[in-house]
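Below, read A as the first sequence line, B as the second, and so on, with proteins coming before strands; counting in each chain starts at 1.
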Number of protein chains: 2
Amino acid sequence: MSTRARSNPLALAVLALLYERPTHPYDMAATMRERHKEDSIKLNYGTLYSVVQSLEKRGLIQVKEVVRDGRRPERTIYEITGAGKLELEDWLSELIAAPAREYTGFEAGLSLLGVLEPEEAVRLLEERRARLDEFLHASEAMRELAAKRGLTRLLLIESEYVTMLRRAEREWVARLIEDIRDGSFEGLETWRDWHRRIAAGLPHDPNHQL
Amino acid sequence: MSTRARSNPLALAVLALLYERPTHPYDMAATMRERHKEDSIKLNYGTLYSVVQSLEKRGLIQVKEVVRDGRRPERTIYEITGAGKLELEDWLSELIAAPAREYTGFEAGLSLLGVLEPEEAVRLLEERRARLDEFLHASEAMRELAAKRGLTRLLLIESEYVTMLRRAEREWVARLIEDIRDGSFEGLETWRDWHRRIAAGLPHDPNHQL
DNA sequence: CCTCCATTACTCGATGTCGAGTATTACGGT
DNA sequence: ACCGTAATACTCGACATCGAGTAATGGAGG
């Protein structure tokens with residue numbers, strides 16, 4: 001259809017909201033906030049309005065009516081189309097069924113870890129571990145609160161997923177720190193060597209081929 | 001400094017490459033390929049050149065010389081500046097030390113899981129589990145190959161991280177499937193109910209408040 | 001009843017990202 | 001000697017994303 005279809009999940013959220021009931025962009029944003037969807041789907045006003053326009057151009061949603069309350073700005077109410085419902089189900093299915101290459105900041109950082117000295121790397125990893133612990137505690141607290149309020153598991157499933165990933169990351173980071181510390185990290189000498197050479201402006205052969 | 005500084009990690013990779021030696025953008029791309037950096041840092045030609053320009057504007061890198069080989073296009077050789085070295089270390093440190101909110105497609109999908117029927121959700125999750133298994137096998141094979149070639153752990157650390165995350169995800173997805181299947185998933189009836197109402201066009205109260 | 005701040009609803013210009021396109025040369029095969 | 005394909009080095013225009021800005025209303029406090 002369009003050029004860069006299915007890039008921004010915010011468009012998927014729009015389809016999901018309009019699947020429930022017709023409404024206008026500002027209200028979509030407010031609803032996303034109330035339901036804590038903005039924790040899992042990046043929300044930005046400018047982007048929201050442009051994403052809505054793009055969905056309209058693609059025939060997945062359409063204007064239902066334009067209402068004006070006094071002299072406030074007009075509210076443009078959209079509704080989902082048949083094609084939009086199909087797109088919603090198909091896109092959502094893809095997101096669930098197909099693991100995708102995602103580029104995270106930490107992964108990028110790890111791939112350049114050799115730029116730092118091992119000691120510096122350890123210091124930074126320890127800070128990460130501490131922050132992950134904070135996150136996990138906060139997350140635990142929220143979970144208890146949510147349980148008290150009788151929130152069902154379906155409503156917390158994204159958060160359950162993210163917390164599980166963070167817990168796994170925490171354990172991995174902790175082990176990595178140990179390995180570098182006690183010298184069992186394989187290739188530690190090469191790492192140090194490479195670093196000394198760079199600092200001295202010497203040629204270095206970062207033997208990176210697979 | 002600039003408006004949207006530290007957004008694209010590709011800029012970090014550029015700084016890291018110029019930290020090793022002066023070179024031109026096209027060669028940076030080639031080097032990133034050779035070293036499998038493009039697996040962890042998204043590489044795109046257009047973006048690369050615009051990112052380089054932005055780094056130059058910010059004074060983090062500068063043109064060293066412009067050479068021409070016969071009648072080929074000119075190659076613009078860049079080198080890193082003092083400010084650039086500081087930025088490299090600071091940015092990299094931040095990526096390692098501070099866990100950041102990352103928005104993944106799967107998380108977005110999970111947060112809208114209620115749009116699907118439980119049975120459909122299970123089918124899709126099973127497909128995901130199968131694909132994760134494939135990924136993990138391929139990853140295992142690569143790991144053995146890399147070991148044979150004597151690659152050091154530092155060079156594979158990003159891949160080790162990603163594989164560990166995928167393994168954790170696989171186990172979580174498997175448990176989730178079980179819970180929905182055997183009915184122990186809390187709130188399954190509410191889920192089904194909500195769905196019936198939507199399908200019938202009835203009012204539904206998606207009680208999402210925290 | 002007046003003032004101030006939050007809320008409502010959206011717009012705009014700058015900046016970032018995408019990937020196909022261009023033009024040249026090197027090189028292997030026949 | 002000729003052809004086709006890969007590699008070299010970069011450009012361009014369409015599209016996406018960002019977040020500050022705008023302009024009106026409603027309500028709480030003095």
Side-chain angles (χ1 to χ4, degrees), chain A residues 1-14 17 22-34 38 41-58 60 63-78 100-103 105 108, chain B residues 1-14 17 22-34 38 41-58 60 63-78 100-103 105 108:
Chain A
M1 303 278 131
S2 173
T3 37
R4 237 136 118 194
R6 290 195 187 177
S7 51
N8 195 337
L10 184 55
L12 185 68
V14 167
L17 288 166
T23 183
H24 57 102
Y26 184 85
D27 180 63
M28 295 177 202
T31 307
M32 284 185 68
R33 292 238 152 92
E34 269 174 36
E38 45 152 11
I41 298 175
K42 197 170 5 186
L43 172 57
N44 173 304
Y45 276 100
T47 305
L48 176 59
Y49 284 86
S50 93
V51 137
V52 163
Q53 264 189 54
S54 149
L55 288 172
E56 193 192 358
K57 217 170 294 165
R58 299 206 281 142
L60 304 176
V63 174
K64 195 195 171 202
E65 53 180 337
V66 179
V67 301
R68 151 160 274 169
D69 210 357
R71 240 191 305 169
R72 295 277 198 82
E74 289 179 335
R75 287 172 305 165
T76 307
I77 314 283
Y78 292 87
R101 255 295 20 199
E102 322 255 13
Y103 299 88
Chain B
M1 301 278 134
S2 173
T3 39
R4 238 136 117 195
R6 290 196 188 178
S7 52
N8 195 336
L10 184 55
L12 185 69
V14 167
L17 288 166
T23 183
H24 56 103
Y26 185 85
D27 181 63
M28 296 176 200
T31 307
M32 285 185 69
R33 293 238 152 90
E34 270 174 38
E38 46 151 11
I41 298 175
K42 197 167 8 186
L43 171 57
N44 173 304
Y45 275 100
T47 306
L48 176 59
Y49 283 88
S50 93
V51 138
V52 163
Q53 264 190 55
S54 149
L55 288 172
E56 193 193 357
K57 217 170 293 165
R58 299 205 282 143
L60 304 176
V63 174
K64 195 194 170 203
E65 53 179 337
V66 179
V67 301
R68 151 160 275 168
D69 209 358
R71 241 193 302 170
R72 295 276 197 85
E74 288 178 337
R75 287 173 305 165
T76 306
I77 313 282
Y78 292 87
R101 256 291 23 195
E102 322 253 14
Y103 299 88

For this session: Starting at atom CZ of B/R58, determine the distance to atom P of C/dA14, rounded to an integer number of angstrom.
Result: 19 Å

For this session: Could you check how far CZ of A/R68 sits from P of C/dC10, rounded to whole Å?
Result: 11 Å

Exercise. Just how far, in rounded Å, is P of D/dG19 from CD of A/E38?
Worked result: 13 Å

Exercise. Which value, rounded to the nearest 0.5 Å, describes the distance between B/R33 atom CZ and B/E38 atom CD?
Worked result: 4.5 Å

Seminar exercise, completed: Sorted by chain and number, sequence neighbours left out, side-chain contact (heavy atoms from CB on, under 4.5 Å) with B/E65 holds for B/V67, B/I77

Seminar exercise, completed: Atom CD of A/Q53 and atom C1' of D/dC15 are separated, to the nearest Å, by 12 Å

For this session: Please answer whether the main-chain N or O of A/D27 pairs with a side-chain N or O of A/T31 as donor and acceptor at a distance below 3.5 Å.
Result: yes

For this session: State whether B/N44 places a side-chain N or O below 4.0 Å from either non-bridging phosphate oxygen (OP1 or OP2) of C/dT17.
Result: no

For this session: Specify the separation, in whole Å, of atom OH of A/Y26 and atom P of D/dA24.
Result: 17 Å

Problem set entry | Min side-chain heavy-atom separation B/Y45-B/P25 under 4.5 Å | no

For this session: Consider the side chain of B/Y49, meaning its heavy atoms from C-beta on, and name the nucleotide among C/dG19, C/dA9, D/dA9 that approaches it most closely.
Result: D/dA9

Atom pairs, N/O to N/O, protein against nucleotides 23-28 of chain C, distance under 3.5 Å?
from	atom 1	to	atom 2	distance (Å)
C/dT25	O4'	B/R72	NE	3.4

Exercise. Does a side-chain N or O from B/Y45 land closer than 4.0 Å to OP1 or OP2 of C/dG19, or not?
Worked result: no

For this session: May I have the distance from A/L43 (atom CG) to D/dT17 (atom P), rounded to whole angstrom?
Result: 13 Å

Exercise. If you look at every strand shown and take non-hydrogen atoms under 4.0 Å, does B/N8 touch a base, only sugar-phosphate, or nothing?
Worked result: sugar-phosphate

Exercise. What's the closest nucleotide to the B/S7 side chain, out of D/dT17, C/dG16, C/dT8?
Worked result: C/dG16

Exercise. Hey, is the side chain of B/H24 poking within less than 4.0 Å of OP1 or OP2 on D/dC10, counting only N and O atoms?
Worked result: yes

For this session: Check the distance between D/dA23's P and A/E74's CD and give it to me in whole angstrom.
Result: 16 Å

Exercise. Going from NE2 on B/H24 to CD on B/E74, what distance comes out if it is rounded to the nearest 0.5 angstrom?
Worked result: 12.5 Å

Problem set entry | Presence of donor-acceptor pair under 3.5 Å, side chain of B/R4 and base of D/dT17 | yes

Exercise. Counting side-chain heavy atoms from CB outward, which of D/dT17, C/dC18, D/dC10 is closest to B/K42?
Worked result: C/dC18

Seminar exercise, completed: With the side chain defined as heavy atoms from C-beta on, A/T47 is closest, among C/dC18, C/dT7, D/dC18, to D/dC18

For this session: May I ask you to test the A/M28-A/T23 pair for a side-chain heavy-atom distance under 4.5 Å?
Result: yes

Problem set entry | Atom-to-atom span, CG of A/D27 to C1' of C/dT8 - whole angstrom | 11 Å

Exercise. Taking the side chain as C-beta and beyond, is there a heavy-atom pair between B/E56 and B/Y78 under 4.5 Å?
Worked result: yes

